[in-house]
Structures are given as C-alpha cells and as structure tokens.
Amino acid sequence: MKKTIALWAALTAAALLVTGCAAEDPAAPAPGKQTADDGAPAGDQASRAPTHPDGAAATAAAYRRYGLKPLAAPPAPPAVKPVTRAPGEPVPVISDVPTTEKIVFITIDDGAEKDPEFVTMMRDLKVPVTMFLTDSAIRADYGYFAPLVAQGHGLANHTLTHPDLRTLSQDAQRREICGQQARLKDRYGKAPRLFRPPYGNWNEATRAAAGECGVDAIVLWRESMQIKNMQYQRGDRKLHPGDIVLAHFRGPSELKGRTMTEMTATMLRRIQEQGFTVARLEDYV
C-alpha cells in the first residue's frame, strides 16, 4: 500500500511539472516582474542602475572637440547669497562676488553674433553663463537665444539701445532699463534680476532707475575676454575668487577671423590654467 501511494505522488508531481502548474514559491517574483540580483524588484533598483551613455565620458568627449579638458565641478551654491538687495536700499553695484572659492562668473554682452555652434557648445559643455542682452542687437533673431535660456543660462538686461546712460536723464534711463525688462519678459517668459549698463558707465540716476525697474544688482566686471587673452583691471593680472568676467557675442569680423566658439574655448582655457572653474552668477547674486 505504501509503495502504491509513493508511486502515485511521484506521478502527480511529474504531471504538474509538465503542465507548468507547480506550486508558487512565495519568494519568487510575480509573473512579468523582474528582480535584481539582490532579490529586490528591478524598478526599485533604478537609482542604483548605471546610466547609459556615460554622462562623464560624453562631457569629456565634448570638451575634447574644443581642445579642452573638463572644468572642475563648481562648489554647491551658498545657503545665503553673498550679494542681496535689502528692502529700501540702493541697488548694489558689483564687479566681483565675495567668496573664497576658486570660482569665476562668465557674462556675455549685447547679442549681435548668433553662432549656432555656440548654442551647441553651451549645451554640451554645460558651463553656466549669464547673457546681458540689448534689444537692438537681438531683435533680428530673438529665437536664437531661446535654447540658451532653456539650457538654464542667465537672462539679464543690457538696455534697449545700448546708450551711455550717464548722458541721459533718470527718466530716459528708466525707459531704457524698464523697456528692456518688459521686452525680455515678453520674449522669454521672465524678467531679469540683473542689469549691466553699456560700457560700464553709470551714475546714481542709473541706480535709482534700475531699482524702479525691479533690478536686484548692477553687474560690472573685473576681467574682459579679448580675442586670445584676458584684459585685467588689477595690476597682478590674475583672476581672483569671485571675479566676474566679461565677454561679448562677437564673430569673425570682430575677432580677426576667429569664431565665437574659439574665443569661448580660449577663455575657458585661461580660466582653467589659473586653477579656477565657473559657477552660476544667479546662485550668488
């Protein structure tokens, strides 16, 4: 009798295996649900799974295209911005940002040159810049700057027509500044917080007008990028932590045959040679 029962059990188990109706293992995944090697559901492993393509390798390859090595990552932004405008106080005027970190800030003025390769370069290198745009320089192609804004680069005010503001009344200065605030907001969806006076020329009427237009800071500079080298304001001819660097949207006709991307690559090389990296100005001001 015992032999008969054992034989029947063995035959039943074999039949279940053939039909796929084996008893469910409580530790096994549900049908269609994969698991990782440690037994956790694959969906729960997403944050630990490697991403492809390799972002660091892609960035390094992009830098190589411009003859550069990747810049060091900037430090985390400060919890409290070192430059702020207190309620009721005049708009601060800055040429650098108080910091001990080896960072500088790139600002690019006007908007006359509209090199498509520069948009690609900024997308691939992921170096933050702040664009101080003049309406008379950009109105022929507002759309060129839209992808740069979408990439997260700063949008800032450089007046409607690029006048020497010191030659204008406060009302005329207000029209130049507020007019460009409204124009940029209309075109790109946000009003700038930062303003740069053309040629770096300003007076107290400029500060008052800028404040009335909602500007948080007037931004000047410490270094300006020329065709192949930087022009320094200080006698030691060196970058300092927190310096603001000026460049322009310029092309071969103004750069003696060099392109804007070549000028930008040279600027990044000069920054890197001195042991600095680039941070986002809006994170500090």
Output yes when R174 and E212 qualify as a salt bridge under the 4.0 Å nitrogen-oxygen rule, no when they do not. yes
Does a side chain donor of either Y142 or D135 reach within less than 3.5 Å of an acceptor in the other side chain? yes
Are the side chains of V285 and I94 in touch, meaning some heavy atoms are under 4.5 Å apart? yes
Are L168 and P163 side-chain neighbours, meaning at least one heavy-atom pair lies under 4.5 Å? yes
Salt bridge check: are R183 and D186 linked by an N-O gap of less than 4.0 Å? no
Any chance the side chains of Q181 and N157 put a donor and an acceptor closer than 3.5 Å? yes
Between Y63 and L71, is there a side-chain heavy-atom distance shorter than 4.5 Å? yes
Treating Q274 as the side-chain partner and L239 as the backbone partner, does any N or O pair qualify as donor plus acceptor under 3.5 Å? yes
Nearest 0.5 Å, what's the OG1-CE distance between T266 and M225? 5.0 Å
Decide salt bridge (charged side-chain N to carboxylate O under 4.0 Å, His left out) for R270 and E223; before the verdict, give the C-alpha distance in whole Å, the side-chain angles of both, and the deciding distance to 0.1 Å. CA-CA 11 Å; R270 299 289 177 263; E223 292 82 26; over 6 Å; no
Can you get from L246 to V278 by hopping between Ile, Leu, Val, Met, Phe, Trp and Tyr side chains that sit under 4.5 Å apart? no
Going by distance alone, is a donor N or O of one side chain under 3.5 Å from an acceptor N or O of the other, for T134 and Q180? no
Side chains of Y284 and I103 in contact at under 4.5 Å (non-hydrogen atoms): yes
I106 vs L268 side-chain heavy atoms within contact, under 4.5 Å: yes
Would you please name every residue forming a side chain to side chain donor-acceptor pair (under 3.5 Å) with E89, sequence neighbours left out? none
Less than 3.5 Å apart, any donor N or O on the side chain of N203 or T206 sitting next to an acceptor on the other? yes
Between D110 and A112 (side chain of the first, backbone of the second, donor and acceptor by atom type, cut-off under 3.5 Å), is there such a pair? no
Is there a donor-acceptor contact under 3.5 Å from the side chain of K256 to the main chain of S253? no
Examine R196 relative to F132 and say whether NZ or CZ is less than 6.0 Å from the centre of the six-membered ring and inside a 45° cone about the ring axis. yes
Can any side-chain N or O of E262 pair as donor or acceptor with the backbone N or O of I227 at less than 3.5 Å? no
How about Y66 and L125: do any of their side-chain heavy atoms sit closer than 4.5 Å? yes
State whether R65 and D124 are salt-bridged, where the test is any N-O pair (Lys NZ or Arg NE/NH1/NH2 against Asp/Glu carboxylate O) under 4.0 Å. yes
Counting N and O atoms only, with roles assigned by atom type, does the side chain of T159 sit under 3.5 Å from a partner on the main chain of H162, one being a donor and the other an acceptor? yes
Would you call D109 and R250 a salt bridge, taking side-chain N to carboxylate O under 4.0 Å as the test? no
Verify, without hydrogens or angle tests, whether Q272 (side chain) and P70 (backbone) share a donor-acceptor contact under 3.5 angstrom. yes
Look only at the side chain of S95 and the backbone of R222, and say whether a donor-acceptor pair between them is shorter than 3.5 Å. no
Neighbour count above 12 (heavy atom, 6.0 Å) for K238 NZ: no
Please tell me whether L160 and L194 are part of a single hydrophobic cluster in this structure, the criterion being side-chain heavy atoms less than 4.5 Å apart. no
May I ask you to decide if V245's main-chain N or O and T107's side chain share a donor-acceptor pair within less than 3.5 Å? yes
Do K102 and F276 meet the cation-pi criteria used here (NZ or CZ under 6.0 Å from the six-membered ring centre, within 45° of the axis)? yes
Ring centres under 6.0 angstrom apart (Y188, F145): no
With a 3.5 Å distance limit and no angle check, can you tell me whether R258 reaches the backbone of K228 through a side-chain donor-acceptor pair? no
Under a 3.5 Å distance rule, please check whether T99 uses its side chain to pair with a backbone N or O of E101 as donor and acceptor. yes
Are V104 and V97 joined in one hydrophobic group, where the rule is that I, L, V, M, F, W and Y side chains link up if heavy atoms are under 4.5 Å apart? no
